[in-house]
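Have a look at the structure below before the remarks.
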Amino acid sequence: MQIATWNVNSVRARLERVLPWLEARRPDVVCLQEIKCQDEQFPREPFEDLGYQIALWGQKTYNGVAILSRRRIEGVVRGLVGDGEGSEARAIACQIDDFLLLNLYVVNGEKVGSEKYAKKLGWLERLERTVAERFPSSERIVLCGDFNITFDDRDVYDPAAWHEKILCSTPEREALGRVMRLGLHDALRKFDQRPGVYTWWDFRTKGFERGQGLRIDHFLLSESALAACRGVEVDLEARGGPKPSDHAPVLATF
DNA sequence: ATGGTGGGTTCCCCA
């Protein structure tokens, strides 16, 4: 079983990259973030034609998350504990086989100390409550998506330049750490301890062309899921070529 | 220190 996560930065704008990629890689499950469309605007047919069921929580213009699965999707839950009417579409959960899956698009936070930064920390607190209440660590838990947080300097191309900047600040890392402490493990680090594994590169600075990226897309697994995990791979090829997303897909094999 | 690009919307926001 292979599960992928990919911030596609608009599913409609990315169709010509995502569909051939699905045909080539054929992952069983794909968690998409930033689909940037409402439910009724989601291009269902081409995915269904490839054999995928779809669970989604769309939103106009911003955010939006979707789960594609070749295996039966059960028990779909949108949002986090404490989400109200009008909450942003940033989280969707379901069960597939014996995996409890939570697909996340964490608030970016813009700038340390900003209003959006405070919102990010508040959202992460609700993520912590959600995992504590709905994702018992005794189960096979898979949290994946765009966390918009690096774990440590190995995830950052220029740690000095990014020191205490957004995506790298101590309060963000500690907030994510409190989620991890509920019994989750950073799956990539089971297989690769080296610095320089990145999943996102800024368009504006031509980050990918310069090899300047950050690792902010993660697979966080409970103990039993981690034990079943056989590998985690970033597909760099998908970040190159015409009209790419600014994120590469990450695949976990079980 | 600033702005660069890219996506979606609507005359600008978000990343």
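To find a chain, count down the sequence lines: A is the first, B the second, and so on, and within it residues start at 1.
Closest to the side chain of A:Arg204, out of B:dT9, B:dG8, B:dA15, is B:dA15. Here the side chain of A:Phe203 is nearest to one of B:dT9, B:dA15, B:dT5, namely B:dT5. Distances from the side chain of A:Ala13 to the nucleotides B:dA15, B:dG7, B:dT9 place B:dG7 closest. Distances from the side chain of A:Lys60 to the nucleotides B:dA15, B:dG6, B:dT10 place B:dT10 closest. Taking every side-chain heavy atom of A:Asn108 into account, B:dA15 is the closest of B:dA15, B:dT10, B:dG8. Among the nucleotides B:dG7, B:dA15, B:dT9, the one closest to any side-chain atom of A:Arg14 is B:dG7.
Residue A:Thr205 is in base contact, counting any heavy-atom pair closer than 4.0 Å across all strands shown. In this structure, A:Phe208 reaches neither bases nor backbone, as no heavy-atom distance under 4.0 Å exists between it and the strands shown. Note on A:Arg90: only backbone sugar-phosphate atoms sit closer than 4.0 angstrom, heavy atoms only; bases stay farther off.
A cation-pi arrangement is present between A:Arg140 and A:Phe99, with the terminal nitrogen or guanidinium carbon under 6.0 Å from the aromatic centre and inside a 45° cone about the axis.
The interatomic distance linking A:Lys120 (NZ) with B:dC14 (P) rounds to 15 Å, in whole Å. At whole-Å resolution of the value, CG in A:Asn9 and C1' in B:dC13 are 13 Å apart. A:His247 places its NE2 atom 12 Å from the C1' atom of B:dC14, with the value rounded to the nearest Å.
Under the salt bridge (Lys or Arg N to Asp or Glu O under 4.0 Å) rule, A:Asp83 has a single partner from A:Arg90, A:Arg126, A:Arg78, which is A:Arg126.
Under the 3.5 Å distance criterion, with hydrogens and angles disregarded, a donor-acceptor pair is assigned to the side chains of A:Glu164 and A:Thr170.
Annotation: B:dC11 and B:dA1 have their C1' atoms spaced 28 Å apart (nearest Å). Comparing the C1' positions of B:dA15 and B:dG3 gives a spacing of 14 Å, expressed to the nearest Å. Between B:dG6 and B:dT10, the distance separating the two P atoms is 22 Å to the nearest Å.
Both A:Trp200 and A:Lys243 lie close to DNA chain B; mapped to their nearest nucleotides by heavy-atom distance, the more 5′-ward contact belongs to A:Lys243. Between A:Pro244 and A:Tyr62, the residue whose closest nucleotide on DNA chain B is further toward the 5' end is A:Pro244.
Between A:Phe208 and A:Phe203, the ring center distance fails the sub-6.0 Å criterion.
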